[in-house]
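Each remark here refers to the structure printed beneath this line.
We count ligands from 1, going down the list as the structure has it; atoms in each ligand are counted the same way. No hydrogens, no waters, no symmetry mates; every other heavy atom, side chains included, goes into these values.
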Amino acid sequence: MKKLISLLILTLLWTSTFSQSQTSERAKWFTDARYGMFIHWGLYSAAEGYWKGEKIRNDNDYAEWIFYRNSISKEEYVTLLDRFDWDKINPEEWVILAKKAGMKYVTFTAKHHDGFALWDSQASNYDLGDFTNHKRDIVKELAEACKKHGLKLGLYYSHWVDWEHEFGWDHKKELTGITPEQYNKYWQEKVIPQMRELLTNYGEISMIWFDMWIHHSQTVVTKEQLFQLKKLIRELQPNCLINSRLGLSIDEDPDVDFKELGDNSLGDKKEDFPWQSPATVAHSWGFHATDSEWKSTTTLLKALINNVSLNGNLLLNIGPRANGDVPWEIQQRLLEMGSWLEKNGESVYGAGAFDLPKNQHDWGKITCKKVGEKTTLYYHVFNWPLNKKLFVTGISSKPGKIWLLSNKEKNPLKFTHKGAYTEIELPDEQPDPFVSVIAAEYDLIPEISAGLVAKTKSGGYSFLPGNQITPAHSQFIVKKEKYGTIPEYLLVEKPETFTWKIFVDTPGKKHFDMSFSYQNESSNAAEIILQAAGSEISTLAKPTGKTVGEPNENWVIDNFASQRIGEINFSETGFYEIKMQIIPSANNILKFQWIWAE
Ligand code: GLC
């Protein structure tokens with residue numbers, strides 16, 4: 001019986017700790033895959049962000065918006081087709097690149113907002129079939145290439161916005177208006193039949209990627225139209241995933257398969273419901289001749305790891321040129337990511353979040369995976385510690401074995417484990433130029449010791465208003481101002497107590513410093529009392545004065561400075577509570593920023 005109960009507890013622990021519990025059967029492949037390729041390619045690719053010498057209007061510089069932004073007529077827009085090099089264009093190459101990049105699925109803009117279908121559509125005469133002599137059907141070519149190379153195919157379809165159809169939505173219609181009947185005509189004669197074509201003629205379609213980034217109630221599209229569309233997809237391809245930009249909220253329709261975050265927004269909280277960030281390598285989605293904000297390979301890898309560490313996916317975009325070429329800057333980064341994934345992919349594919357706070361460690365991010373009976377945690381070291389030691393705080397189970405993930409022989413790394421703390425001896429040199437991964441294998445599920453402030457890379461502890469055990473409701477954090485010249489702080493107007501918890505792995509003395517701003521010039525200073533390990537230290541906060549935020553801009557701000565509170569001896573290895581009281585003098589406030597112990 002006892003065994004049964006512990007098994008039950010273990011199972012419960014398992015579900016709350018690792019599995020992405022709100023993933024439908026249909027979406028399992030998706031949460032396993034974690035990494036896909038977005039392809040923005042269409043007539044706009046040939047404009048390259050410029051029309052008749054003028055750069056695309058609007059600072060957001062999304063090259064695929066040129067039709068609308070630069071007020072191009074539908075007839076002139078299709079002349080862009082003359083610039084395409086059909087002999088050279090080979091969508092299979094994009095799929096091969098995706099494969100080399102370690103991506104598991106491809107999402108292609110079958111019809112973007114410009115309304116031009118990149119297949120031979122019978123439901124519209126604004127499509128490739130009607131405008132090229134080459135009889136090319138890019139959706140078909142991609143579907144075949146994906147099948148050949150073992151990738152899933154998703155299709156982007158702009159349902160809400162369509163700039164070419166008389167009754168499709170373009171934002172100018174906010175001025176002219178459109179009747180529900182007119183919009184429904186567009187819907188029934190273009191959207192529904194085109195979706196039917198896409199879901200019937202190309203074999204398995206694994207995902208339809210809609211792009212209505214606001215809720216339908218703010219648009220011309222009705223809930224009924226969206227349900228009609230969804231029903232069609234479920235009927236024709238029951239396994240096809242639908243993203244949340246369909247426009248129905250998850251409350252209205254829990255049957256949507258995954259949440260799509262905003263453009264280039266990475267995840268910032270762990271979620272059990274599947275989700276994804278669409279992201280660009282530079283800025284624009286469609287090819288843009290003068291886009292140059294290339295994110296580095298490391299930045300992109302960190303984006304992927306960040307998302308996986310919170311149960312999310314990354315859909316990374318390429319914007320090929322009108323001759324099919326993928327800009328070298330994109331290729332290079334994708335290939336580098338691919339070779340990283342070849343060595344370290346185990347920490348990404350089929351992996352997900354572990355239940356420690358997302359910013360627990362200052363050295364990087366953790367992902368987690370169950371392999372057979374064992375569980376492996378993957379420590380992604382973004383910053384290789386100068387002291388060549390990795391400090392892991394908050395896991396009370398002892399790992400069985402630790403190794404460098406890219407090391408095929410799994411040569412063990414030395415480590416010590418005490419209480420809720422593991423210290424790993426790292427190789428002298430950072431093994432990977434981008435992100436090095438340390439794998440730690442545990443029997444069963446590693447147990448967590450919650451609420452601990454982690455030991456930082458340099459060995460100190462950073463106590464913040466945000467990492468207290470249970471902050472009081474009355475505590476009010478003031479966000480940073482003036483571009484961070486005034487840092488984030490907690491306003492203390494009356495006596496306030498703060499509590500943190502740490503695990504001390506090496507007994508000894510630690511000194512405590514506090515950073516704050518205190519503007520009282522009189523001797524009536526605020527009192528700071530700190531208690532830990534049975535001792536109490538206290539000090540009077542000295543005024544911190546003013547400082548100049550920016551030279552010559554008359555930008556004078558309250559200064560934040562740190563002051564030593566004193567020293568406390570932690571005589572034994574173990575858990576300690578750190579309690580601090582701030583007692584400001586009457587009618588005075590103290591702005592508390594942080595405490596540092598070392
Ligand atoms: C936005 C843009 C669109 C782009 C998409 C990618 O919705 O309108 O051009 O395709 O983001 O996420």
Side-chain angles (χ1 to χ4, degrees), residues 35-51 55-70 72 77 80 94 103 105-118 138-139 142 154-164 168-174 207-216 218-221 226 241-248 256-267 274-288 291 293 295 300 303-304 307 312-320 330:
Y35 184 36
M37 173 184 272
F38 212 174
I39 305 174
H40 272 70
W41 191 78
L43 302 196
Y44 46 82
S45 311
E48 308 195 335
Y50 287 79
W51 183 252
K55 192 163 82 67
I56 180 164
R57 295 173 196 158
N58 188 296
D59 286 342
N60 92 353
D61 253 349
Y62 279 2
E64 68 281 3
W65 272 70
I66 198 139
F67 183 153
Y68 178 79
R69 293 283 181 219
N70 290 38
I72 305 171
Y77 185 68
L80 284 167
W94 306 335
M103 292 155 157
Y105 54 104
V106 162
T107 305
F108 174 66
T109 48
K111 185 197 91 168
H112 204 270
H113 304 331
D114 59 9
F116 191 87
L118 293 164
I138 303 299
V139 174
L142 271 174
L155 297 174
Y156 171 113
Y157 185 89
S158 177
H159 60 327
W160 169 38
V161 177
D162 187 305
W163 299 320
E164 75 82 21
W169 182 255
D170 78 30
H171 300 300
K172 284 179 203 140
K173 296 214 164 84
E174 285 180 21
M207 177 193 302
I208 297 289
W209 208 101
F210 291 113
D211 196 4
M212 191 157 78
W213 55 91
I214 48 181
H215 186 251
H216 67 81
Q218 294 168 265
T219 72
V220 63
V221 189
L226 295 177
L241 305 187
I242 301 174
N243 73 342
S244 59
R245 290 201 202 171
L246 172 68
L248 291 167
V256 160
D257 296 290
F258 66 94
K259 185 162 111 186
E260 198 75 55
L261 302 197
D263 297 352
N264 279 311
S265 308
L266 298 182
W275 59 272
Q276 162 169 274
S277 303
T280 48
V281 179
H283 174 78
S284 176
W285 302 88
F287 180 78
H288 188 305
D291 193 357
E293 297 166 25
K295 292 159 197 149
L300 295 169
L304 172 64
N307 279 13
N313 285 30
L314 182 75
L315 183 67
L316 189 58
N317 181 69
I318 67 166
I330 293 183

Assess, by modelled atom type and distance only, whether the side chains of Tyr68 and Trp163 contain a donor and an acceptor separated by less than 3.5 Å.
no
Is there a donor-acceptor pair closer than 3.5 Å between any side-chain N or O of Asn243 and the backbone N or O of Trp209?
no
Please check if the side chain of Glu64 supplies one atom and the backbone of Tyr44 the other of a donor-acceptor pair under 3.5 Å.
no
Which residues share a salt bridge (charged side-chain N to carboxylate O under 4.0 Å, His left out) with Lys55, sequence neighbours left out
Asp61
Contacts of type salt bridge (charged side-chain N to carboxylate O under 4.0 Å, His left out), residue Asp114, not counting sequence neighbours
none
When you check ligand 1 against the protein, what N or O pairs turn up below 3.5 Å? List the atom names and distances, or just say none.
from     : atom 1 : to     : atom 2 : distance (Å)
ligand 1 : 7 (O)  : Asp211 : OD1    : 2.9
ligand 1 : 7 (O)  : Asp211 : OD2    : 3.0
ligand 1 : 7 (O)  : Arg245 : NH1    : 3.4
ligand 1 : 8 (O)  : Trp65  : NE1    : 2.9
ligand 1 : 8 (O)  : His113 : NE2    : 3.0
ligand 1 : 9 (O)  : Glu64  : OE2    : 2.5
ligand 1 : 9 (O)  : Trp65  : NE1    : 3.1
ligand 1 : 9 (O)  : His112 : NE2    : 3.3
ligand 1 : 10 (O) : His40  : NE2    : 2.5
ligand 1 : 10 (O) : His112 : NE2    : 2.8
ligand 1 : 11 (O) : Asp263 : OD1    : 3.1
ligand 1 : 11 (O) : Asp263 : OD2    : 2.7
ligand 1 : 12 (O) : Arg245 : NH1    : 3.3
ligand 1 : 12 (O) : Asp263 : OD1    : 2.7

Which residues satisfy the side chain to side chain donor-acceptor pair (under 3.5 Å) test with Asp211, sequence neighbours excluded?
Tyr156, Arg245
